[in-house]
2 protein chains.
Amino acid sequence: MNKRQVQKQQTRNLILQQAKNCFISKGFLNTTTSEIAAECGIAHGTLFLHFNNKEILIIEILDQQLEIISLKIIELIREAYDLKEMLNNYLDFIQREEDFFHTITRELPFYSDELRRKIIFRESLIRKKFVKAIDEGIARGNFITCDSVMAATFLFSTISYYLSLKNIFVSEGSVIAKFKDKIILTFLSFLTRREDA
Amino acid sequence: MNKRQVQKQQTRNLILQQAKNCFISKGFLNTTTSEIAAECGIAHGTLFLHFNNKEILIIEILDQQLEIISLKIIELIREAYDLKEMLNNYLDFIQREEDFFHTITRELPFYSDELRRKIIFRESLIRKKFVKAIDEGIARGNFITCDSVMAATFLFSTISYYLSLKNIFVSEGSVIAKFKDKIILTFLSFLTRREDA
DNA sequence: TATTTGAATGACTATATGGTCACTGAGTAC
DNA sequence: GTACTCAGTGACCATATAGTCATTCAAATA
């Protein structure tokens, strides 16, 4: 690569980096291309030299982030030895990247079909692990018999609910931190079969 | 009321009526004031003669609708003799007004604080009825002991989830109709204590 | 009938924002 | 060293949309 190509690559990376920061803190919908350019210290027009339009930029960043994040999550889940620990690891991770998840969850209903499909696909991979864990619990007789897919939907919906309306529940700090224990406890009490009492 | 006052009132009502239709079918955020005016067959400026700004118009309509709807729901719930029937009545009603609920649920995270507070408040009244029903079930020994508020959150989150992402689950028709039975069945199986099997 | 009132008009403004393009100047190729 | 290339520029454009205001004309009033 000659000087020019290196420079171009650097600018491209700079845009991706700054855009990611903007998107995470303000959301995809509320970040303007001018803002991103300003944040990078480049001209507004330069941005469109590297990315034909805003949507393409968003998709590239989202793809990148989703890939990284979903792999990490699946890794964390795999390390767990039961549903409780899986949930713990999962929620811990979401908490660490809460701004990102807050943005995605809140804006999801407004994304283009393509963007939505990408997000839902990644989530479905993670969700499958939970469904499998529930199925195993049922097979072992530890959990009540129920529709495991629907059970997972109850779980993921609840997490999404807290994430998307985060501002209602906490003025600052993490919603997930605040409700993690209760979510886990309640969900497990839903599933767990008790003979006693 | 003289002719002028009558005319003014009629125009005002016309705006409220048409704006409501627009808002329900397209959402509050995606409906423009010009559209509403066009739909009413009045000049754009006339709208601001009756409502100082868009937000005020939205709030008035939302207040109206929420009041009507939440009273009806509470009525329907009261008629039910157990949680299952409550849920059935509740979901039937949501299904009938699904466009409205779809819009509200999807856009909620983007509303102003005031708008959000109004919606959440109404929902909380309905939610309380369910919490109470769960508490009674627990007291009677029919339901497992659990955090009833959290249990209700799982329920309402799941309903919101299907409503807000409706387009993913059905290309046309009602999401609620599609998932109603499964939601009820799963939620009840979560709560119900079983000694058998 | 003459004067005042006020509902309604619609052209206009202000602002935001995604995207374009003619131009510049440093880097590259010969 | 000269001609060419292309990353970068920033003024500009198109569009959307909430909100304003001077003007109009029918209704109310005296």
Side-chain angles (χ1 to χ4, degrees), chain A residues 1-62 103 107 110-115, chain B residues 1-62 103 107 110-115:
Chain A
M1 279 211 301
N2 62 30
K3 247 186 186 178
R4 261 191 196 157
Q5 291 168 314
V6 169
Q7 177 57 39
K8 190 172 185 182
Q9 191 60 49
Q10 280 179 352
T11 304
R12 195 187 145 86
N13 290 340
L14 181 63
I15 294 172
L16 284 171
Q17 184 57 49
Q18 295 299 339
K20 194 188 83 182
N21 293 341
C22 290
F23 287 152
I24 289 178
S25 65
K26 303 192 48 182
F28 290 87
L29 304 177
N30 284 321
T31 300
T32 67
T33 47
S34 317
E35 262 177 290
I36 297 170
E39 210 65 37
C40 294
I42 63 174
H44 186 201
T46 306
L47 199 147
F48 293 93
L49 207 80
H50 293 271
F51 302 91
N52 286 341
N53 55 57
K54 192 185 169 185
E55 173 90 359
I56 287 178
L57 174 59
I58 294 180
I59 288 179
E60 175 141 349
I61 290 176
L62 205 89
T103 293
E107 295 187 345
F110 295 93
Y111 288 160
S112 67
D113 275 353
E114 185 179 356
L115 226 52
Chain B
M1 279 210 301
N2 63 29
K3 246 187 189 178
R4 264 194 193 154
Q5 291 168 313
V6 170
Q7 177 57 39
K8 188 171 186 182
Q9 190 60 48
Q10 280 179 352
T11 303
R12 194 188 145 86
N13 290 340
L14 181 63
I15 294 173
L16 284 172
Q17 183 57 49
Q18 295 299 338
K20 194 189 83 183
N21 293 340
C22 289
F23 287 153
I24 288 179
S25 64
K26 304 193 48 184
F28 290 88
L29 304 177
N30 284 320
T31 300
T32 67
T33 48
S34 317
E35 262 177 289
I36 297 170
E39 210 67 36
C40 294
I42 62 173
H44 186 201
T46 306
L47 200 146
F48 293 93
L49 207 79
H50 293 270
F51 301 92
N52 287 341
N53 55 55
K54 192 185 167 185
E55 173 90 0
I56 287 178
L57 175 59
I58 294 180
I59 287 178
E60 174 141 352
I61 290 176
L62 205 89
T103 292
E107 296 187 345
F110 296 93
Y111 288 159
S112 67
D113 275 353
E114 183 177 358
L115 227 52

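Computed from a predicted model, the values in this text were never measured in an experiment. Residue numbers start from 1 in every chain, and the chains themselves are labelled A, B, ... in the order their sequence lines are given, proteins ahead of strands. Scope of the values below: all heavy atoms of this structure, side chains included, with no hydrogens, waters or symmetry mates.
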Can you name the nearest heavy-atom pair linking [X] to [Y], along with the distance?
X         : Y         : result
Thr103(B) : Tyr111(B) : O-OH, 4.0 Å
His44(A)  : Thr33(A)  : NE2-OG1, 2.9 Å
Leu57(B)  : Ala19(B)  : CD2-CB, 4.1 Å
Ile42(B)  : Leu47(B)  : CD1-N, 4.2 Å

| message | Let's test your reading of the model: under 3.5 Å, does the base of dT5(C) pair with the side chain of Arg4(B) as donor and acceptor? | response |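 It does, because a donor-acceptor pair links the side chain of Arg4(B) to the base of dT5(C) below 3.5 Å.
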
When the distance from [atom1] of [X] to [atom2] of [N] is rounded to whole Å, what number comes out?
X        : N       : atom1 : atom2 : result
Lys3(B)  : dA7(C)  : NZ    : C1'   : 14 Å
Asn52(A) : dT20(C) : CG    : P     : 8 Å
Asn2(B)  : dT5(C)  : CG    : P     : 15 Å
Lys26(B) : dT17(D) : NZ    : C1'   : 12 Å
Lys54(A) : dG18(C) : NZ    : P     : 5 Å
Leu57(B) : dG19(D) : CG    : P     : 10 Å
His50(A) : dT9(D)  : NE2   : C1'   : 12 Å

| said: Let's go through Phe51(B) and Leu16(B) carefully: what are the C-alpha distance in whole Å and the side-chain angles of both, what is the deciding distance for side-chain contact (heavy atoms from CB on, under 4.5 Å) to 0.1 Å, and is it a yes or a no? | reply: CA-CA 10 Å; Phe51(B) 301 92; Leu16(B) 284 172; 3.7 Å; yes

[X] side chain to [Y] main-chain N or O, any donor-acceptor pair under 3.5 Å?
X        : Y        : value
Lys54(B) : Phe28(B) : yes
Glu35(B) : Cys22(B) : no
Gln5(B)  : Asn2(B)  : yes

| said: So, does Asn53(A) get its side chain near the phosphate of dG18(C), meaning an N or O under 4.0 Å from OP1 or OP2? | reply: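 Checking dG18(C) against Asn53(A), no side-chain N or O comes under 4.0 Å of OP1 or OP2.
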
| said: Short of 4.0 Å, heavy atom to strand atom, which residues of residues 27-48 of chain B count as contacting DNA chain C? | reply: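 Those residues whose heavy atoms fall under 4.0 Å from DNA chain C, taken from residues 27-48 of chain B in numerical order, are Ile42(B), Ala43(B), Gly45(B), Thr46(B).
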
| said: Below 4.0 angstrom, which residues in residues 5-18 of chain A have at least one non-hydrogen atom near DNA chain C? | reply: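 Within this stretch, nothing sits under 4.0 Å of the strand.
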
| Looking at Glu60(A), Gln17(A), His50(A), which hits side chain to side chain donor-acceptor pair (under 3.5 Å) with Arg12(A)? |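 Exactly one option meets the side chain to side chain donor-acceptor pair (under 3.5 Å) with Arg12(A), and it is Glu60(A).
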
